[in-house]
Amino acid sequence: MGDTNGQVVAGDNGRGNRLDQLNLPTDVLIDKETDSLIICDQGNERVVRWSRRSGTTQGEILINNIDPYGLTMDDQRYLYISDYGKHEVRRYQIGDKNGTIVAGGNGKGAGLNQLNFPTYIFVDQQQTVYVSDRDNHRVMKWNKGAKEGIVVAGGQGKGKALTQLSYPYGLFVDTLGTIYVADSGNHRVMRWLKGAKQGTVIAGGNGCGKGANQFSYPVGLSFDRHGNLYVVDYGNHRVQRFSIE
């Protein structure tokens, strides 16, 4: 807190596909068990791991030949990765290269057993998978072992009504099942209570712009333990923090 300069923990050797380089990384998580970062190295079609120990100069490839966008890890250290090329989410044990489909996997489409360009994902303690189904303008929930998902936000076509989303990205679900989603095409962050048919705007929603109450294509979101919301404001090249009541 209070730092004006960050420090590089992975990459920074130009854009490329060497083990000391990244190309358009889209998501990252911290694996506390191995004190490492796991990164969606999207432009290189791979997921890589970089140790956080000082002196680390390159990463190692965990999974290859994938179009990764979002990733997360559950309590049992399973890794979940969305593949926007295959329109599916897979669960992997660390070290396993193949994984198991846990959402989508039936080609590109708008059916309940399909996804269309999945981006960010969230997994709860029951291994329920929530996924931002970007080009279907909806958030889907897949219960463990389910053959199809349930629409839990959006799904009414692309638009800016409170029942709609436009290119959803970042996603967070609290213990009550409340969904928070970066509604990027509408330049807002929305909250959808469990079972609700419409959401409420909790940040942004004032058009595309660079004011303190505006976003330009928000894509990522995260909460800290004090309930502060952090939003990756893509088009404005900044991260914003909000205290949410």
Side-chain angles (χ1 to χ4, degrees), residues 26-34 37-40 47 62-63 68-84 87-94 96 99-105 112-115 117-134 136-155 165 168-184 189-200 202-203 218-232 242 244:
T26 51
D27 205 1
V28 59
L29 63 81
I30 296 174
D31 178 14
K32 295 194 178 83
E33 191 109 340
T34 57
L37 302 168
I38 299 177
I39 303 164
C40 276
V47 172
L62 289 181
I63 297 156
Y69 205 99
L71 83 169
T72 190
M73 192 181 266
D74 69 16
D75 299 348
Q76 293 163 28
R77 298 194 70 248
Y78 281 102
L79 194 58
Y80 296 74
I81 304 169
S82 61
D83 184 325
Y84 66 87
H87 310 285
E88 66 188 24
V89 178
R90 281 182 185 256
R91 180 177 68 216
Y92 298 83
Q93 270 184 304
I94 302 270
D96 161 26
T100 310
I101 294 174
V102 292
L112 290 178
N113 68 345
Q114 294 177 303
L115 298 168
F117 207 112
T119 57
Y120 292 114
I121 48 185
F122 184 92
V123 177
D124 70 13
Q125 290 175 320
Q126 283 73 49
Q127 294 187 332
T128 308
V129 177
Y130 294 82
V131 53
S132 277
D133 189 9
R134 189 189 81 173
N136 283 325
H137 313 290
R138 66 190 185 184
V139 175
M140 298 293 287
K141 170 184 175 178
W142 289 63
N143 291 313
K144 188 179 180 181
K147 294 283 173 259
E148 57 178 45
I150 302 157
V151 180
V152 288
L165 296 169
Y169 278 88
L171 193 56
F172 180 85
V173 184
D174 71 15
T175 50
L176 301 173
T178 306
I179 294 157
Y180 297 82
V181 58
D183 185 12
S184 77
V189 174
M190 294 192 79
R191 173 166 61 200
W192 293 65
L193 298 174
K194 189 174 184 173
K197 294 281 173 255
Q198 66 174 48
T200 52
I202 58 167
V219 294
L221 57 82
S222 181
F223 282 91
D224 67 17
R225 58 172 185 266
H226 306 296
N228 294 306
L229 169 68
Y230 297 80
V231 183
V232 178
F242 300 86
I244 300 297

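In what follows, every heavy atom counts, from backbone to side chain, and hydrogens, waters and symmetry copies are set aside. What you are looking at is a predicted structure, and each value in this text was computed from that prediction instead of being measured.
With rounding to the nearest 0.5 Å, the separation of CG in Leu115 from OG in Ser82 is 9.0 Å. Once rounded to the nearest 0.5 Å, the distance linking CD1 of Ile81 with CG of Leu62 reads 7.5 Å. To the nearest 0.5 Å, the span separating CH2 on Trp142 from CD1 on Ile101 amounts to 9.0 Å. Note that the CG atom of Asn143 and the OG1 atom of Thr128 stand 5.0 Å from one another [nearest 0.5 Å]. Once rounded to the nearest 0.5 Å, the distance linking CE of Met140 with CD of Glu148 reads 8.0 Å. The distance from atom NZ of Lys194 to atom NZ of Lys141, rounded to the nearest 0.5 Å, is 5.0 Å.
The closest donor-acceptor contact from the side chain of Thr119 to the backbone of Tyr69 lies at 3.5 Å or more, if one exists at all. A donor-acceptor pair is defined here as one N or O able to donate and one able to accept, closer than 3.5 Å; no such pair exists between the side chain of Ser222 and the backbone of Tyr230. Side-chain atoms of Asn136 do not come within 3.5 Å of backbone N or O of Arg138 as any donor-acceptor pair. In terms of modelled atom types and a separation under 3.5 Å, the side chain of His137 and the main chain of Gly155 share no donor-acceptor contact. Using a distance-only test at 3.5 Å, with no hydrogens or angles considered, a donor-acceptor pair links the side chain of Asp27 to the main chain of Leu71.
Within the 4.5 Å cutoff, the side chain of Thr26 has heavy atoms near those of the Tyr120 side chain. Taking the side chain as every heavy atom from C-beta outward, Pro118 and His87 approach each other to under 4.5 Å. Contact of the Ile244 side chain with the Val189 side chain is not registered, since no non-hydrogen atoms from C-beta on lie closer than 4.5 Å. Residues Val152 and Tyr130 have side chains in contact (heavy-atom distance under 4.5 Å, counting atoms from C-beta outward). With contacts defined as side-chain heavy-atom distances shorter than 4.5 Å, the pair Leu112/Val151 qualifies. The shortest side-chain heavy-atom distance between Leu37 and Ile30 falls under the 4.5 Å cut-off. Asp174 places none of its side-chain heavy atoms less than 4.5 Å from the side chain of Arg191. No side-chain heavy atom of Tyr180 sits less than 4.5 Å from a side-chain heavy atom of Leu229.
What you find for Gln114 and Asp133 is that their closest heavy atoms are O-OD2, 4.0 Å. Nearest heavy-atom pair across Ser184 and Pro218 is CB-O, 3.0 Å. Trp192 and Ala153 make their closest contact through CD2-CB, 3.5 Å (heavy atoms, listed as atom of the first residue, atom of the second, distance). Contact detail for Val181 and Leu221: the closest heavy-atom pair is C-CD2, 3.6 Å. The two atoms that bring Pro68 and Tyr84 nearest to each other are O-CE2, 3.8 Å, heavy atoms only. For the residue pair Arg134 and Pro168, the shortest heavy atom distance occurs at O-CD, 3.5 Å.
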Practice prompt. Starting from the C-alpha separation in whole Å, work towards a yes-or-no answer on side chain to side chain contact (heavy atoms under 4.5 Å, CB included) for Ile38 and Ile94.
Written response: CA-CA 11 Å; Ile38 299 177; Ile94 302 270; 4.1 Å; yes
Item to complete: Take Tyr78 and Gln127 through the side chain to side chain contact (heavy atoms under 4.5 Å, CB included) test and state the conclusion after the steps.
Response: CA-CA 9 Å; Tyr78 281 102; Gln127 294 187 332; 3.7 Å; yes
Worksheet entry | side chain to side chain contact (heavy atoms under 4.5 Å, CB included) between Asp96 and Arg90, worked out | CA-CA 11 Å; Asp96 161 26; Arg90 281 182 185 256; over 6 Å; no
Item to complete: Before giving the answer on side chain to side chain contact (heavy atoms under 4.5 Å, CB included), spell out for Asp31 and Leu79 the whole-Å C-alpha distance, their side-chain angles and the decisive distance to 0.1 Å.
Response: CA-CA 10 Å; Asp31 178 14; Leu79 194 58; over 6 Å; no
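A side-chain donor from one of Tyr80 and Asp74 sits under 3.5 Å from a side-chain acceptor of the other.
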